[in-house]
Trainee: 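Would you mind keeping the following structure in view while I ask a few things?
Because only heavy atoms are used, hydrogens play no part in the values below, and waters and symmetry mates are left out as well, while side chains stay in.
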Amino acid sequence: MMTEIEATTEITQRNFFQLQLAHMNRRISVWMFVAFFAVGITCLRAYFRGSSDSADLVMGIWFVLAPAIFLLIYYWVARKQKRETVVFQHPITYRISEQALSIESRHGINVIPWADMYDHMEDKHSFYLYISSIQCYILPKKCFTAEQAGQIQELIKNSVPVKRKKEFRIFMIVLSVLMLVLSLGSFFW
């Protein structure tokens, strides 16, 4: 039986940026970046081999730089989220028990039973607990001991549903890797 775990922390802009990156990895965005890069490489290869015009040079540069542009957009969104989300402007206290997650801020207390969670995700920095498809609570791992983080991980794994569509993600991974291999291979053929 798990004892209640309590931690107080402040959600930072870095936490929001890490959330954006986790979303990027969770969705097909990272594989779209690979596909963009592959198309860019193909266009640049065609231009430098002399088999196309300057439009391929422009497209190649765009498709190679697009992932960096998207990362800058993710950073901007993280800054905006931190600035505009009033509840995250002040420290938050999380209480985690076997029955529910309790979030206390200066605006009040919100208690969410594990069974009412929509989805969850985890990366090396945080636990992300979704109450809808677009809203989540960020629990930074830095405010927990390693033992507590392990207990929370096990509790979430056993108590919160997973709603991701894995088949489509696997298809996009395979397609993107194939595009990248073909694009890089075209330099040598």
Side-chain angles (χ1 to χ4, degrees), residues 1-34 66-166 168-170 172-173:
M1 185 168 163
M2 185 177 104
T3 60
E4 184 174 275
I5 298 172
E6 182 176 319
T8 300
T9 189
E10 194 165 318
I11 303 300
T12 64
Q13 179 180 329
R14 182 181 184 124
N15 295 127
F16 279 108
F17 185 60
Q18 289 164 343
L19 173 63
Q20 293 297 326
L21 293 178
H23 275 267
M24 181 180 76
N25 289 329
R26 180 180 183 187
R27 294 187 229 136
I28 60 169
S29 302
V30 72
W31 305 110
M32 286 177 26
F33 288 173
V34 170
I69 292 167
F70 281 112
L71 285 175
L72 287 173
I73 291 170
Y74 283 145
Y75 181 78
W76 177 77
V77 167
R79 282 186 55 194
K80 187 176 182 209
Q81 283 178 326
K82 172 62 176 162
R83 221 179 25 249
E84 293 178 358
T85 308
V86 177
V87 75
F88 293 129
Q89 301 298 325
H90 306 281
I92 297 172
T93 300
Y94 296 104
R95 286 185 189 83
I96 300 162
S97 69
E98 289 185 357
Q99 293 77 32
L101 169 68
S102 172
I103 302 105
E104 182 178 344
S105 70
R106 71 180 213 163
H107 302 284
I109 299 174
N110 192 5
V111 179
I112 306 161
W114 295 112
D116 292 348
M117 293 284 180
Y118 178 80
D119 196 0
H120 71 280
M121 186 173 56
E122 177 185 354
D123 66 13
K124 66 181 180 179
H125 306 287
S126 301
F127 297 104
Y128 305 102
L129 298 169
Y130 289 81
I131 56 172
S132 74
S133 62
I134 58 172
Q135 291 180 304
C136 79
Y137 287 105
I138 303 170
L139 281 70
K141 289 182 178 179
K142 68 179 181 185
C143 61
F144 302 108
T145 66
E147 181 184 339
Q148 288 174 329
Q151 289 176 336
I152 294 168
Q153 181 181 43
E154 192 64 30
L155 179 65
I156 291 170
K157 182 177 154 187
N158 294 330
S159 305
V160 180
V162 177
K163 302 226 185 236
R164 288 174 238 141
K165 295 184 171 80
K166 291 183 180 177
F168 183 69
R169 188 172 184 200
I170 291 170
M172 286 305 296
I173 291 169

Trainee: Does Q89 use its side chain to pair, donor to acceptor, with the backbone of R83 at less than 3.5 Å?
Mentor: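 The answer is yes, because a donor-acceptor pair under 3.5 Å joins these two groups.
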Trainee: Q135 side chain to S132 main-chain N or O, any donor-acceptor pair under 3.5 Å?
Mentor: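 The answer is no, because no donor-acceptor pair under 3.5 Å joins these two groups.
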Trainee: For the residue pair P91 and T93, establish whether any side-chain heavy-atom pair is separated by less than 4.5 Å.
Mentor: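 Answer no - side chains too far apart.
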Trainee: Looking only at heavy atoms, what is the nearest atom pair of I131 and Y118, with distance?
Mentor: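 So the two residues come closest at C-CB, 3.7 Å.
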Trainee: Rounded to the nearest 0.5 Å, what separates atom CE in M121 from atom OH in Y130?
Mentor: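 That separation rounds to 3.5 Å.
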Trainee: For the pair E122 and K141, evaluate salt bridge (Lys or Arg N to Asp or Glu O under 4.0 Å) and give the outcome as yes or no after the intermediate values.
Mentor: CA-CA 10 Å; E122 177 185 354; K141 289 182 178 179; 2.6 Å; yes
Trainee: Under 3.5 Å, is there a donor on one side chain and an acceptor on the other for D123 and Y128?
Mentor: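 A donor-acceptor contact under 3.5 Å links the two side chains.
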Trainee: If you round to the nearest 0.5 Å, how far is CD of E98 from OG of S159?
Mentor: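 Atom-to-atom, S159:OG and E98:CD are 8.0 Å apart.
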Trainee: Could you give the distance from CD1 (I11) to SG (C143), rounded to the nearest 0.5 Å?
Mentor: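 Nearest 0.5 Å value for the CD1-SG distance: 7.5 Å.
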Trainee: Please tell me if the side chains of I96 and E4 come closer than 4.5 Å, counting only heavy atoms from C-beta onward.
Mentor: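 Contact flag for I96/E4 side chains = no.
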Trainee: May I ask you to test the Q13-Y75 pair for a side-chain heavy-atom distance under 4.5 Å?
Mentor: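 Result yes, sub-4.5 Å side-chain heavy-atom pair found.
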Trainee: Starting at CD1 of I112, measure out to CG of L129 and round the result to the nearest 0.5 Å.
Mentor: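 Rounded to the nearest 0.5 Å, the CD1-CG separation comes out at 8.0 Å.
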